[in-house]
There are 2 protein chains.
Amino acid sequence: MNKEFISLLEKHQLRKTAPRLSVLSILKAKNTATSQPDLEAMIGKDVDRVTLYRILKTFEEKGIIHKILDLNGTANYAICHSSCNEHDHKDNHVHFNCTVCLHIYCLDNIQIPDIKIPSGFVSHTTNFVSYGICEKCSKKAEQYVNSNDEE
Amino acid sequence: MNKEFISLLEKHQLRKTAPRLSVLSILKAKNTATSQPDLEAMIGKDVDRVTLYRILKTFEEKGIIHKILDLNGTANYAICHSSCNEHDHKDNHVHFNCTVCLHIYCLDNIQIPDIKIPSGFVSHTTNFVSYGICEKCSKKAEQYVNSNDEE
DNA sequence: TCTTATATTGCAACAAAGTTGCATGATGTG
DNA sequence: CACATCATGCAACTTTGTTGCAATATAAGA
Ligand SMILES: [Zn+2]
Ligand SMILES: [Zn+2]
Ligand SMILES: [Zn+2]
Ligand SMILES: [Zn+2]
């Protein structure tokens with residue numbers, strides 16, 4: 001399993017270090033994007049805050065991960081699928097930000113629709129974030145309602 | 001002209017104070033969203049940073065202004081058009097963030113398109129930001145190229 | 001394996017934005 | 001004009017992002 005991450009680092013000419021492998025395995029295991037503070041907590045204090053910051057910055061520049069800003073403007077990171085590289089990210093999928101658990105989901109299968117922008121303006125990238133309640137939180141809410149009904 | 005702002009404050013049961021009127025007149029005069037730091041600079045040190053923060057927070061809650069996060073996750077604010085109120089903002093227009101001048105434009109005429117989200121997820125709001133080069137910056141770039149040709 | 005150039009990390013220090021509590025002052029109502 | 005309430009200013013603090021520099025780990029070549 002580690003081989004996957006090692007070859008990923010090699011592909012981008014990055015040295016294989018413990019902190020980097022930790023970051024990759026954490027991000028890969030989750031189906032939601034992760035903020036730096038959360039990553040810090042998960043990795044523990046073996047890795048310095050600044051190191052983490054720089055790892056994330058490097059990974060983003062190399063097209064290994066992409067950044068999504070949450071409700072508060074805090075950066076969250078998720079693995080780029082497939083074919084992103086240093087020169088162009090193709091993360092043109094929609095993101096869903098749950099306002100209850102605050103998780104950010106990459107909706108990889110949902111493409112950002114095209115729009116017409118005013119003439120004179122040139123668009124390079126677009127960002128589409130949907131805010132609401134995720135599946136897990138919806139189910140929890142249902143369960144809560146049901147358990148109250150039973151009483 | 002001030003009457004407009006005064007009645008706006010009255011409508012929302014907010015006291016008419018100098019700092020609030022300043023904020024409203026600045027935001028209304030601009031066709032781009034404004035960050036809090038910029039507002040601070042424009043208003044000057046008559047108004048405390050925290051006061052400004054609270055004014056913006058109140059205005060946003062009342063549906064007088066809406067918040068857009070820029071590239072760096074910094075909050076920018078723009079007047080809500082027409083019919084927003086305390087209970088629902090209807091700011092479902094696309095925003096354009098210029099990567100050169102960093103201005104954020106409200107594209108009031110361009111609605112955010114609907115998308116299908118996975119079943120189980122419930123969306124309440126959506127955010128669409130287009131990043132690129134705005135009209136002004138495009139023209140400046142053209143002029144620059146032309147002036148170089150002439151030499 | 002040892003050596004060396006260079007990439008990476010840790011620490012310290014700082015900057016920017018957001019946030020809270022509390023005392024003081026302004027506003028609007030009767 | 002008095003009073004209740006809203007709004008402001010100040011101080012203090014948190015979180016996130018960022019840079020410089022010295023110490024260390026990595027990879028490649030001898
Ligand atoms: Zn959720
Ligand atoms: Zn994503
Ligand atoms: Zn511009
Ligand atoms: Zn807008």
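Chain naming here is simple, since letters A, B, ... match the order of the sequence lines and numbering starts at 1 in each. Side chains are part of it too, since the values below use all heavy atoms of this structure and drop only hydrogens, waters and symmetry mates.
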Q.
Could you check whether any side-chain N or O of A:T51 sits under 3.5 Å from a backbone N or O of A:V47, counting only pairs where one atom can act as donor and the other as acceptor?
A.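 Between the backbone of A:V47 and the side chain of A:T51 there is no qualifying donor-acceptor contact (under 3.5 Å).
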Q.
Check whether A:R20 reaches the backbone of A:R15 with its side chain - one donor and one acceptor, N or O, closer than 3.5 Å.
A.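 Yes: the side chain of A:R20 pairs with the backbone of A:R15.
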(Q) I'd like to know if B:R54 reaches the base of C:dG21 with its side chain such that a donor and an acceptor end up less than 3.5 angstrom apart. (A)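 Side chain to base: pair present.
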Q) Is it true that A:H103 and A:H95 have ring centroids separated by less than 6.0 Å? A) no
(Q) Counting the benzene-type ring for Trp, do A:Y105 and B:F121 have ring centres under 6.0 Å apart? (A)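 Ring centroids of A:Y105 and B:F121 are less than 6.0 Å from each other.
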Q.
On DNA chain C, compare the nucleotides closest to B:A75 and B:R15; which residue's is nearer the 5' end?
A.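 Mapping each residue to its closest nucleotide by heavy atoms, the 5'-most match is B:A75.
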Q.
Both B:A18 and A:D48 contact DNA chain C. Which one's nearest nucleotide lies toward the 5' end?
A.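 Counting from the 5' end, the first nearest nucleotide belongs to A:D48.
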**Q.** Sugar-phosphate only, base, or nothing, as touched by A:R49 at under 4.0 Å among non-hydrogen atoms
**A.**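 Answer is base: heavy atoms of A:R49 come under 4.0 Å of a base.
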**Q.** Below 4.0 Å: OP1/OP2 of C:dT9 and any side-chain N or O of A:T17
**A.**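 The answer is yes; a side-chain N or O of A:T17 sits under 4.0 Å from OP1 or OP2.
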(Q) Does a side-chain N or O of B:K57 approach OP1 or OP2 of D:dA7 to a distance below 4.0 Å, or not? (A)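 Checking B:K57 against D:dA7: no side-chain N or O falls below 4.0 Å of OP1 or OP2.
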Whole-Å distance separating the [atom1] atom of [X] from the [atom2] atom of [N]:
X     : N      : atom1 : atom2 : result
A:R20 : C:dG10 : CZ    : P     : 11 Å
B:L39 : C:dA16 : CG    : P     : 17 Å
A:Y53 : C:dA13 : OH    : P     : 19 Å
A:F59 : C:dT9  : CZ    : P     : 8 Å
A:L52 : D:dT18 : CG    : C1'   : 14 Å
B:N72 : D:dT16 : CG    : C1'   : 12 Å
B:L71 : D:dT18 : CG    : P     : 12 Å
A:L21 : C:dA7  : CG    : C1'   : 15 Å

Q.
What's the closest nucleotide to the side chain of A:K16 if the choices are D:dG9, C:dA12, D:dA27?
A. D:dA27
Q. Would you say the side chains of B:S130 and A:S123 form a donor-acceptor pair under 3.5 Å?
A. yes
